[in-house]
**Student:** 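Take a look at this one; I'll ask things after.
What you are looking at is a predicted structure, and each value in this text was computed from that prediction instead of being measured.
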Amino acid sequence: MPKGPKGEKRPADVIGNAVHVMRIATGEIEEGTPVDDGKDPAAKALGAKGGAARAASMTPERRAEIAKAAAAKRWGRP
């Protein structure tokens with residue numbers, strides 16, 4: 001997702017960005033208002049927490065295996 005000059009998230013498509021800029025210009029929303037991504041904040045927090053716990057409990061060898069399998073899948077190598 002594109003970032004603004006201060007790192008804030010912006011709509012990815014041109015029309016969505018134009019609408020966002022128009023709303024800022026007319027005062028409908030403030031410039032610092034984050035764009036709603038449609039996800040539940042509680043679910044996002046739990047997902048991040050679970051991912052960190054999984055990574056902490058894994059051995060470096062297992063993480064390397066998973067990374068190699070992901071790279072092979074992405075780049076089409078067996």
Side-chain angles (χ1 to χ4, degrees):
M1 170 155 292
K3 303 271 186 192
K6 295 180 183 172
E8 65 273 7
K9 292 185 176 181
R10 297 283 191 203
D13 60 278
V14 176
I15 303 298
N17 197 24
V19 170
H20 187 73
V21 169
M22 181 269 311
R23 287 183 176 155
I24 291 171
T26 59
E28 190 175 329
I29 60 172
E30 292 185 25
E31 189 162 0
T33 307
V35 177
D36 182 25
D37 60 359
K39 297 179 183 174
D40 182 21
K44 287 184 355 185
L46 280 175
K49 188 175 177 182
R54 179 174 184 241
S57 69
M58 232 182 265
T59 65
E61 292 82 16
R62 179 66 180 136
R63 283 197 306 269
E65 288 174 15
I66 292 171
K68 287 177 186 176
K73 193 78 146 171
R74 177 178 179 152
W75 301 107
R77 297 183 185 134

**Student:** What are the two closest heavy atoms between Met58 and Arg63, and how far apart are they?
**Tutor:** O-NH1, 3.0 Å

**Student:** Please list all pairs meeting salt bridge (charged side-chain N to carboxylate O under 4.0 Å, His left out) that have one or both residues in residues 14-25, counting only residues at least two apart or in different chains.
**Tutor:** Arg23-Glu28

**Student:** Can a salt bridge be assigned to the pair Arg62 and Glu65 using a cut-off of 4.0 Å between side-chain N and carboxylate O?
**Tutor:** yes

